[in-house]
Each structure stands twice: as C-alpha cells, then as structure tokens.
Amino acid sequence: MTVDSRRIFTLKQADTEPGTVVYWMQRDQRAGDNWALLYAQERAIALQQPLMVVFCLVPGYLGATARQYGFMLKGLAVAARRLSRYNIPFTLLHGLPQDVIPRFLVEYGAGMLITDFNPLHVPMNWQKRLAERVEVPFYEVDAHNIIPSRFISDKQEYAAFTLRKKVERLLPEFLTEFPLLVKHPDFPDSAEVPATDWAEVMKSLQADRAVPEVDWLVAGETAAVGSLSDFIGSRLDQYETGRNFPDRKGQSDMSPYLHFGHLSPQRLAMEVRQNEADPGSRKAFLEELIVRRELADNFCLYNASYDRFSGFHAWAQASLNKHRDDPREYCYSLDTLEEGRTHDPLWNAAQFEMVSKGKMHGFMRMYWAKKILEWTASPEEAMEAAIFLNDKYELDGRDPNGYAGIAWSIGGVHDRPWGERKIFGMIRYMNYQGCKRKFDINAYISPNRKS
DNA sequence: ATCGGCTCGCGCAA
DNA sequence: TGCGCGAAGCCGAT
C-alpha cells in the first residue's frame, strides 16, 4: 500500500463492486502530490478499473466572490489539463455534491468514491449527505495535512505547544516523498467525458463581481511551484525576522495556493527543510506551515463553534462577558469598517491592502481583528464582521487558518490570558503604539492608501 | 534598551 | 499535587 492507512477515513462502508473509481476533488485542487488522488489511483489499478475526477461548482459557497472563484477556476483548469496527460478525465459538475454526484456515479458505473479532507461545516455536511445517498464504498483521504488531522489528535488541542509535541514525534513518519502519479492504464470501461469550457463557466458564474480578481498572483499548480521557488530563493533566508514586519515583503505569499490546494504543504515543507537557507528561518517557516496551519484544521475539526463566540475558552468568554458593557470610544458599523473609514490610518491601510490585493500581511491580520473587537458593539458582532470581511476579500478566505486566526485575535483561542483591561478583558491586547515601536508604519500606510 | 508581571490551565514529573 | 511554561504584547520600572 503506497498511501498510509492513517490518512484514510471511511465515510461509507460497502462491499467493493467492480466499477470506475471516482475522486471527488474538493480542497486539494491539484494533480501533483495529492494523497487522495494517489489513493484513488492505487485502488483503481489494483481493481483494474478506470479513474475519474469530479469537482462540484456550488454557486454562492460561503459568500465567495469573483475574486476567489476566478482564482479557483483557473487553478482547476490547470489541474484538469494535467490530469488529462495522465489519462484521468476531469468533469466539472454544477450543483450540490449530494445532488449531482450520485447521478454521476450511476451514469459512469462507479464502484468506489474517494474525496479529500476539509473540516469546515459546509463541506462536512455535503460529505455527510452524500454518504447517505451513495451505495459504493466512500473514503476520505487527508491530502491537506502533513500529519492527518483525524489521526494526530482526537480532540481540540489547547494550544500550539500541545500539538507541537505530537507533530515532532510523528513528523519523521509522515514527512516523506510522494509516490508518483502514473499514466492511468486504458481499462475496458474507460469513458470519454466532454471537455470543460472554462471561459463559458467563468462567464456564467454567479458571484459578486464587485470584488474583482487580482493579477499579482497566478493561479494553479504550475505557478504555485514557480512562486515557491521564488520564495525559497529570495526570501526564505530572512524569513525569521522579515515575516513580522508589514513594511517589508518578508512573507511567503503561499497561503492562497495552500488554501486552494494548488500546492501541497508536504511538498513545501520538504523543499524548505532540504534547503540551505538560514536554519532559524527554516525553523520559523516550518513552525507556521506545519504546527500553526495544522492546529487550525484541528480547531475547526473538533470545535463546532469555530466561527462563533461560544467556541472560545471558558475563561475568555467569562472575561469578555464581564466587559460586555464597557463603553466603546469608537463604535463602527460594518460599512464604515468595510470602506476603511475609521480614525486609524494604520487599520484603514490594512483594510485597503486586503480589499485591493486579496491578501493582508499576517501581522496586520492580528491588529486588524483585535481593533474590530475594540470598535464594535459586542464580541459576537466583531466575530461576524471580521469573518465577513475576511471571507469576502481574502484570496484565502473560508480557510481554517482564517477562522483560527480571528478566534485567536478576538477570543484568545490557542493563546493565554493577559492583564485585564477595558473591552478586551484578559484577551491579549494590541495597539497602534506597539506597531509604531515595531515597524515603520508609514512605509506600510503609504502604498495602502485609498486613492 | 531590557525585564518582569499580567493570568489560566495543560501536561508531565513526582 | 506541584510546577513550568505558553501564537506574534503592553506597560511601567529600571
């Protein structure tokens, strides 16, 4: 067996019947370095069956906009092209997975269904409904985490340090080279599928076009690998210090690729580990890429309230409740926040960076979210506003990282309590003064000013 | 410029 | 049961 069984979770137990193996691609939108696809091929070849890939395009998914749909569809087109070279047909289905996939399975005589892992509510529910409606064995393969999320822990981890210990123990077993995808053999029942007209799909898409696509980052697994080389070659060496300074370009800019699965985190981790850049910088990057990113999946997998006040630790809820009625010096509406018209030029710049570029600097994301807590009527409203704006404008919106980051900022999730103060209670505080001490705020504000 | 305290609870050692 | 220490900070004392 080439794919570790600890990556695999059974969604529907059923006898294996002969028939095409179908990979329902969700989160890991790539042909290369994809454990779910590799497992599907492994099973297909063992059973002497054809292999097909489907993706379900669901309009209005969690408020996604033209910016995110555009990036995703371009990446999918790349993946479909690559898959065809491996003799694996790709089909884009329109509609809810539980409605369209069962029909597809019947139409192509499928004998097995495989998907990848996504801990968010909406895709988990799709998966559940679909499992109720299929007759064939249905497996989930974690192609997103280096150490499979369901395996590394069976509960919500308290903080990074509790997960880190487990990561350190298990990493040698899981951070290994991928087997190669092979050109799929022509088995008797191999089917032809109509080619996807990507231009037409883009044109007919129902998505908010007021949030346009961006042109600074090219979608797809080919571009992702190029972008990875660029980061490793030019910025990895200074990553340890550079990443936390919003006035410099020190971040990897990999998160949109990781979010859509255009790039495998495992590939990225291997490339960074084998590189000869500064050891401190490599360690810092791997900490963020592995421990903190996989901690976010753990949080969403085991905390059903990952996007709400009720998902915070008891101490944080109690503390925020105690300060619920504290007067707010500034209290902004969602519109004012969205338009970046607060009294704080640094916050407005962060908002503008996100709106125009589709990616806010990581350090500023913390400051940005904490100020939303300070400047809205309640922590619930703060959560809602932060998530709404994040998901509307960020290329990597609707990602566990986003929910975990916002819950960290507003609700102290994975953090510890700090000195009690107005509004925040014991939630870690951040302020303008601190940013001013830390970096050249004007160098960040100037290029991110609304013209 | 640097340092300790802030405040809670997990996980491990004993 | 005790104890060390923790996702990115702030603030006041030295």
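Order of the sequence lines fixes the chain letters, A, B, ..., with proteins taken first and strands second; residue numbering starts at 1 for each chain. Nothing here was measured: the structure is a model prediction, and the numbers come from that model.
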Open item on the list: I want to check one thing: is the phosphate of C:dC11, taken as OP1 and OP2, less than 4.0 Å away from some side-chain N or O of A:Asn431?
Closed with: yes
Task: N/O (side chain, A:Arg416) to phosphate O (OP1/OP2, B:dC10) under 4.0 Å - done: no
Centre-to-centre under 6.0 Å for [X] and [Y], is that the case here?
| X | Y | answer |
| --- | --- | --- |
| A:Trp347 | A:Tyr432 | no |
| A:Phe260 | A:His262 | yes |
| A:Phe231 | A:Phe285 | yes |

When all nucleic acid strands are considered with a 4.0 Å heavy-atom cut-off, which category describes [X]: base, sugar-phosphate, or nothing?
| X | value |
| --- | --- |
| A:Arg164 | sugar-phosphate |
| A:Arg437 | sugar-phosphate |
| A:Asp415 | sugar-phosphate |

In whole angstroms, how far is the [atom2] atom of [N] from the [atom1] atom of [X]?
| X | N | atom1 | atom2 | value |
| --- | --- | --- | --- | --- |
| A:Ile427 | B:dC8 | CD1 | C1' | 12 Å |
| A:Arg169 | B:dG11 | CZ | C1' | 13 Å |
| A:Leu320 | B:dC8 | CG | C1' | 14 Å |
| A:Glu374 | C:dC10 | CD | P | 12 Å |
| A:His323 | B:dT7 | NE2 | P | 11 Å |
| A:His414 | C:dG9 | NE2 | P | 18 Å |
| A:Glu420 | B:dC6 | CD | P | 13 Å |
| A:Lys165 | C:dG4 | NZ | P | 15 Å |

What's the gap between [N] and [M] when it is taken at their [atom1] atoms, as a whole Å value?
| N | M | atom1 | value |
| --- | --- | --- | --- |
| C:dG12 | B:dT7 | P | 15 Å |
| C:dA7 | B:dT2 | C1' | 22 Å |
| C:dG9 | B:dC10 | P | 24 Å |
| B:dG9 | C:dC10 | P | 24 Å |

Of the options [options], whose atoms approach the side-chain atoms of [X] most closely?
| X | options | result |
| --- | --- | --- |
| A:Met426 | B:dC8, B:dG11, C:dA7 | B:dC8 |
| A:Trp408 | C:dA7, C:dC10, B:dC10 | C:dA7 |
| A:Met430 | C:dA7, B:dC12, C:dG9 | C:dG9 |
| A:Lys155 | C:dA7, B:dT7, B:dG11 | B:dG11 |
| A:Lys438 | C:dA7, B:dG9, C:dG9 | C:dG9 |
| A:Phe161 | B:dC12, C:dG6, B:dC8 | C:dG6 |
| A:Arg421 | B:dC8, C:dC11, C:dA7 | C:dC11 |

Open item on the list: Is it the case that the side chain of A:Gln29 and the backbone of A:Gly75 share a donor-acceptor pair, with hydrogens and angles ignored and the cut-off at 3.5 Å?
Closed with: no
TODO: Assess whether side-chain hydrogen bond (donor to acceptor under 3.5 Å, both in side chains) is satisfied between A:Trp35 and A:Gln266, documenting all intermediate values.
DONE: CA-CA 10 Å; A:Trp35 287 118; A:Gln266 186 166 341; 2.9 Å; yes
- [ ] Could you tell me which nucleotide pairs with B:dT7 by Watson-Crick or G-U wobble geometry, both distances under 3.5 Å, or answer none if nothing does?
- [x] none
TODO: Give me the ring orientation class for A:Phe299 and A:His414: parallel if the planes are under 30° apart, tilted from 30 to 60°, perpendicular past 60°.
DONE: perpendicular
